[in-house]
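Counting starts at 1 for both ligands and their atoms, following the listed order.
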Amino acid sequence: MNTKPAASETGDPLLLTPGPLTTSASVKQAMVHDWGSRDQGFIGINKMVLEKIVELAGGQGTHVTVPVQGSGTFAVEAMITSFVPKSGKLLVVINGAYGQRARKIAEIAGRAVATYETPEDTPPDLAKLEAMLVADPAITHVFAVHCETTSGILNPIAELAALVKKQGRRLLVDSMSAFGAIEIDARTVHYDALAASSNKCLEGVPGLGFVVCRNTALAECKGNATTLVLDLFDQAEGFAKTGQYRFTPPIHVIVALGKAIEEHAAEGGVAGRGKRYRENAKVLIDGMRAMGFQTLLPNDLQAPIIITFHMPTDPKFVFQRFYDGLKDRGYVIYPGKLTVADSFRMGCIGRLYPDHMRGALAAVREVLDEMRVTNGGPALAAE
Ligand SMILES: *Cc1c(COP(=O)(O)O)cnc(C)c1O
């Protein structure tokens with residue numbers, strides 16, 4: 001190894017992962033204080049954070065952010081179980097692990113479930129989806145994932161939302177890995193609720209999920225929830241009455257998220273953050289393709305969030321050595337989670353810039369050379 005390992009502003013390896021991800025030093029620094037959960041200082045910061053999230057969603061005056069202590073899945077579970085009534089039926093649109101997880105959440109909660117599943121590299125066929133809605137009037141709600149992080153595919157959420165609305169059903173969106181970097185504007189995309197979290201494109205630390213809720217839809221949710229802690233209606237009422245969480249909030253996480261949202265605004269909001277991620281993705285994809293690697297997805301389906309690469313088929317390529325070699329050089333990548341292809345993933349979100357991507361590419365080249373692998377693709381596999 002001839003170069004110094006790459007590192008974040010605080011000396012840690014760079015996380016080329018879908019979150020938790022590399023955060024700025026100032027976001028981490030925001031956490032070195034104590035606040036009481038009933039303290040006006042903290043209550044004010046929390047209020048600002050929730051309001052800024054509504055603004056980012058384009059929901060001022062029409063929507064409210066209801067936070068949920070925990071990781072992103074806590075917010076997804078809160079959304080599904082608070083919005084789909086016990087008598088409702090949820091159609092889950094699936095093309096990856098996060099769609100599967102939503103189906104499981106609804107089943108455990110005892111809600112009636114239908115699924116529309118396509119392979120992980122294939123977006124839903126909206127005509128088929130519409131036909132399913134027409135054929136089954138019992139379906140009250142549709143759940144869809146914005147960017148399916150399993151593959152990195154960008155699902156056609158605006159078009160899907162329009163057809164769900166046209167069919168008179170309600171939409172729940174998992175925009176976990178897209179919110180803050182890929183536009184989804186509540187003024188044009190009609191949904192009842194959208195879930196995301198602190199530790200993806202907003203570049204905060206993990207520990208807070210949140211659901212952007214349409215006010216009039218949330219007002220209908222009293223008594224739907226099947227758990228106490230994940231009841232969004234009750235949680236929202238708590239804020240309306242006292243400005244406070246019902247149970248201990250992850251205070252440091254929320255204060256760090258406030259700082260992260262400030263930095264998001266300074267970068268130019270959703271447009272600015274998205275631009276940097278698109279640059280990161282382009283540098284990474286072009287560079288990896290130049291070394292023979294093949295992406296799972298064609299460019300037109302690829303979100304600039306996380307890139308899935310086919311595993312090279314050269315028998316000298318050993319993934320664990322590849323992973324460890326990159327880690328030694330300061331870059332942490334992500335194994336694949338796909339059923340359609342043997343693969344690995346590299347993220348382009350977090351406090352990472354195109355130069356970090358160039359550094360990662362140089363590290364990939366070095367590790368391939370060490371393994372004496374000349375081509376990263378499946379094509380020139382056999383020797
Ligand atoms: C990250 C993510 C989640 C939430 O995962 P957690 O591990 O609970 O934070 C949900 N959906 C999608 C699409 C995600 O990328």
Taking side-chain contact (heavy atoms from CB on, under 4.5 Å) as the test, write out the residues that go with A138, two or more places apart.
-> K89, D136
Taking atom CD of Q29 as the centre, report whether more than 12 heavy atoms of other residues, nucleotides or ligands fall under 6.0 Å from it.
-> no
Using a cut-off of 6.0 Å, state whether more than 12 heavy atoms not belonging to K86 lie near its atom NZ.
-> yes
Using a 3.5 Å cut-off and no angle test, enumerate the donor-acceptor pairs between side-chain atoms of residues 18-27 and protein atoms at least two apart in sequence or in another chain.
unit_1: T22; atom_1: OG1; unit_2: L15; atom_2: N; d: 2.9
unit_1: T23; atom_1: OG1; unit_2: K28; atom_2: NZ; d: 2.9
unit_1: S24; atom_1: OG; unit_2: S26; atom_2: OG; d: 3.2
unit_1: S24; atom_1: OG; unit_2: V27; atom_2: N; d: 3.1
unit_1: S24; atom_1: OG; unit_2: E263; atom_2: OE1; d: 2.8
unit_1: S26; atom_1: OG; unit_2: E263; atom_2: OE2; d: 2.4

Within the protein, residues bringing a heavy atom under 4.0 Å of ligand 1, chain by chain | S71, G72, T73, Y98, R101, V145, C147, T149, D174, M176, S177, K200
For R169, what residues pass the side chain to side chain donor-acceptor pair (under 3.5 Å) criterion, not counting sequence neighbours?
-> none
May I have the step-by-step check of salt bridge (charged side-chain N to carboxylate O under 4.0 Å, His left out) for R273 and E203, ending in yes or no?
-> CA-CA 10 Å; R273 179 78 28 112; E203 298 186 0; 3.7 Å; yes
